[in-house]
Amino acid sequence: MSSQSPSNTSPAMPFGASSSWLCSLDASSIMASQTGPAPLADLSTAIASACRMPCDFPALGEALIPDDRVVIVLNHRVPCREVIVKELWQILAERGIAPAQLTIIDAPSLSKPSTDPRSLLPAGIASEVQWQIHQPADPNGSGYLGSSLGGERIYLSRALLDADFIIPVATVEADPVHGLCGAIHAIFPALTNLESLQRLNKASHEELHAEDERPIRQLAEEVAGMLGLQFSIELVPAAGGTGVAQVLAGQPDAVHRLGRQAIREHWLLNVDRRSETVVAAVTGQAGEPCTWEDVSRAAQNARRLVINGGRVVLLTDLSAELTEGWELVRDCTQPRDAIRRVKTVQPVDEISIDQMLRTADFATVYLLGGPEGDILEELFLHPLASLKEVDRLLEGTTDCILLGGAQYVRGKARQAQTHVEE
């Protein structure tokens with residue numbers, strides 16, 4: 001939960017897979033801090049309990065019949081995916097669903113290879129359960145669902161069109177395109193064809209807040225209705241540990257209402273004004289290192305809380321590898337030049353790169369982790385080699401906001417920012 005009256009103890013801020021930074025700033029220098037909810041100690045039990053007693057829906061097992069073809073859809077940001085699949089499989093097996101009747105679909109990840117979600121299933125069962133990574137460019141991978149009320153032709157993974165029961169699983173969090181999104185967005189537009197993805201997944205609307213209505217979110221809800229979606233699972237994120245603070249399951253609208261409420265309670269930080277410095281600690285998912293996607297989201301969240309020309313300090317354990325999209329940035333002279341180039345070329349990680357570049361155009365961005373030296377500077381980022389350098393950078397700071405799990409924080413400053421963001 002957020003705190004705008006920090007205690008006298010210096011907060012320890014976890015970041016990356018297992019690192020931590022002990023803030024040495026005086027409490028009077030910390031204008032506000034955000035840590036988020038504690039992670040679940042037993043994710044398996046939480047999943048089983050949520051599916052036994054879902055919101056506005058019978059127990060999951062009671063909604064199935066043995067002949068059902070079941071599809072589990074996993075958003076690429078879901079942590080502990082193997083644990084989730086194992087618990088869901090136990091419910092399906094008790095209802096008489098055969099392994100060959102289950103298909104697991106992943107949306108392709110932009111930041112890391114997808115790991116096999118069947119790894120905790122018994123070997124004989126895992127080999128029969130189908131696992132697909134959706135390929136939007138494959139003309140045979142998607143089929144026609146129908147047309148929306150606005151005349152949009154909707155194409156989705158063929159496995160979804162053939163399913164009797166669909167279980168989408170996603171974190172509920174602010175997304176730069178969809179706003180505050182959840183399980184239905186794991187289906188659309190994540191599992192549509194390439195043409196639709198390129199048309200719908202554009203860079204974020206800077207003037208909109210996470211909960212503002214957006215046409216793409218309304219279209220996703222319409223697609224869920226066209227599919228006859230009855231059930232969903234949404235995970236409230238936590239910084240560190242399992243990466244999950246709460247499991248919500250049941251009727252999709254009811255689940256998302258509770259998910260939005262939980263995000264407002266745990267991840268919304270309201271401050272009276274922007275700060276000169278924001279320190280944003282980016283946690284990995286369930287013990288994994290940070291990704292560029294998470295770091296860019298954290299940068300955008302920090303930008304909403306820092307003054308124009310202020311400092312954003314990102315604590316990460318990013319690897320040194322750059323994507324093809326980031327390579328486009330290296331010989332640009334200004335962040336806005338790079339934004340235009342990336343928008344023209346449209347690499348798969350265009351949105352993440354756009355978020356980071358807009359932050360670098362607005363404030364001075366320091367990064368612990370990632371490529372060293374000149375490479376970071378070519379990305380308009382200032383490298384920090386160690387936590388000692390972080391401490392030296394912050395010496396004398398008298399106006400600071402601390403963000404733990406910064407990729408999830410929704411910050412709002414009540415005092416208007418005079419700088420106009422393009």
Less than 4.5 Å apart, any side-chain heavy atom of [X] and any of [Y]?
| X | Y | value |
| --- | --- | --- |
| Gln101 | Val70 | no |
| Ile30 | Cys23 | yes |
| Tyr366 | Val390 | no |
| Cys290 | Thr283 | no |
| Phe188 | Leu160 | no |
| Val73 | Ile167 | no |
| Ile351 | Asp354 | no |
| Val342 | Val329 | yes |

Nearest 0.5 Å, please: how far is [atom2] in [Y] from [atom1] in [X]?
| X | Y | atom1 | atom2 | value |
| --- | --- | --- | --- | --- |
| Leu328 | Gln346 | CG | CD | 11.5 Å |
| Arg77 | His185 | CZ | NE2 | 14.0 Å |
| Thr192 | Ile187 | OG1 | CD1 | 12.0 Å |
| Cys51 | Glu62 | SG | CD | 12.5 Å |
| Leu305 | Arg274 | CG | CZ | 7.0 Å |
| Leu258 | Asp253 | CG | CG | 11.0 Å |

Listed by chain and number, what are the side chain to side chain donor-acceptor pair (under 3.5 Å) partners of [X], not counting sequence neighbours?
| X | value |
| --- | --- |
| Glu152 | Arg199 |
| Thr45 | Asp42 |
| Thr103 | none |
| Asn193 | Ser196 |

Test item: [X] side-chain N/O and [Y] main-chain N/O as donor-acceptor pair under 3.5 Å:
| X | Y | value |
| --- | --- | --- |
| Gln251 | Ala254 | yes |
| Arg118 | Val129 | yes |
| Asp272 | Ala413 | no |
| Thr323 | Trp326 | yes |
| Thr316 | Leu368 | yes |

How would you list all residue pairs meeting side chain to side chain donor-acceptor pair (under 3.5 Å) that involve residues 158-171, not counting sequence neighbours?
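Sorted pair list: Arg69-Asp164, Thr171-Glu173.
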
How would you list all residue pairs meeting side chain to side chain donor-acceptor pair (under 3.5 Å) that involve residues 121-130, not counting sequence neighbours?
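Every pair satisfying side chain to side chain donor-acceptor pair (under 3.5 Å) with a residue in residues 121-130: there are none.
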
Taking everything shown except Glu327 itself, do over 12 heavy atoms lie less than 6.0 Å from its CD?
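Check passes, neighbour count above 12.
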
Taking all atoms of both residues into account, what is the closest heavy-atom pair of [X] and [Y], and its distance?
| X | Y | result |
| --- | --- | --- |
| Met226 | Gly146 | CE-C, 3.7 Å |
| Gln132 | Ala159 | OE1-CB, 4.0 Å |
| Val223 | Leu156 | CG1-CD1, 3.9 Å |
| Pro136 | Leu197 | CB-CD1, 3.6 Å |
| Pro117 | Leu74 | CB-CD1, 3.8 Å |
| Pro371 | Trp292 | CD-CZ2, 4.2 Å |

By salt bridge (Lys or Arg N to Asp or Glu O under 4.0 Å) - contacts of [X] (at least two apart):
| X | value |
| --- | --- |
| Arg273 | Asp399 |
| Arg52 | none |
| Glu87 | none |

Ile339 and Gln334: side-chain contact (heavy atoms from CB on, under 4.5 Å), yes or no, with the steps?
CA-CA 9 Å; Ile339 290 171; Gln334 298 292 334; over 6 Å; no

Tell me whether [X] is salt-bridged to [Y], with the criterion being a basic N under 4.0 Å from an acidic carboxylate O.
| X | Y | answer |
| --- | --- | --- |
| Glu293 | Arg297 | yes |
| Asp68 | Arg95 | no |
| Arg81 | Asp116 | no |
| Arg340 | Asp337 | yes |

Can you spot which of Leu88, Leu121, Ile72 makes a side-chain contact (heavy atoms from CB on, under 4.5 Å) with Leu102?
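Of Leu88, Leu121, Ile72, side-chain contact (heavy atoms from CB on, under 4.5 Å) with Leu102 is met by Ile72 alone.
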
Who are the ring-ring contact (aromatic ring centres under 6.0 Å, His included) partners of Tyr408, not counting sequence neighbours?
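ring-ring contact (aromatic ring centres under 6.0 Å, His included) list for Tyr408, sorted by chain: Trp267.
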
Please set out all donor-acceptor pairs under 3.5 angstrom arising from side-chain atoms of residues 228-250, sequence neighbours excluded.
from: Glu234; atom 1: OE1; to: His256; atom 2: ND1; distance (Å): 3.2
from: Glu234; atom 1: OE2; to: Ala183; atom 2: N; distance (Å): 3.0
from: Glu234; atom 1: OE2; to: His256; atom 2: ND1; distance (Å): 3.1
from: Thr242; atom 1: OG1; to: Leu40; atom 2: O; distance (Å): 3.2
from: Thr242; atom 1: OG1; to: Val244; atom 2: N; distance (Å): 3.2
from: Thr242; atom 1: OG1; to: Val244; atom 2: O; distance (Å): 3.2

Given side-chain contact (heavy atoms from CB on, under 4.5 Å), test Arg410 with Leu269 step by step and report yes or no.
CA-CA 6 Å; Arg410 294 171 51 224; Leu269 177 62; over 6 Å; no

Keeping to residues at least two apart or across chains, list the ring-ring contact (aromatic ring centres under 6.0 Å, His included) pairs with something in residues 116-169.
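Non-adjacent pairs meeting ring-ring contact (aromatic ring centres under 6.0 Å, His included): Tyr144-Tyr155.
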
Begin from the C-alpha positions of Val312 and Thr364 and carry the test side-chain contact (heavy atoms from CB on, under 4.5 Å) through to its verdict.
CA-CA 6 Å; Val312 171; Thr364 303; over 6 Å; no

For side-chain contact (heavy atoms from CB on, under 4.5 Å), just list the numbers for Met13 and Leu402, CA-CA rounded to whole Å, side-chain angles, deciding distance to a tenth of an Å, and then say yes or no.
CA-CA 9 Å; Met13 299 178 64; Leu402 304 180; 4.0 Å; yes

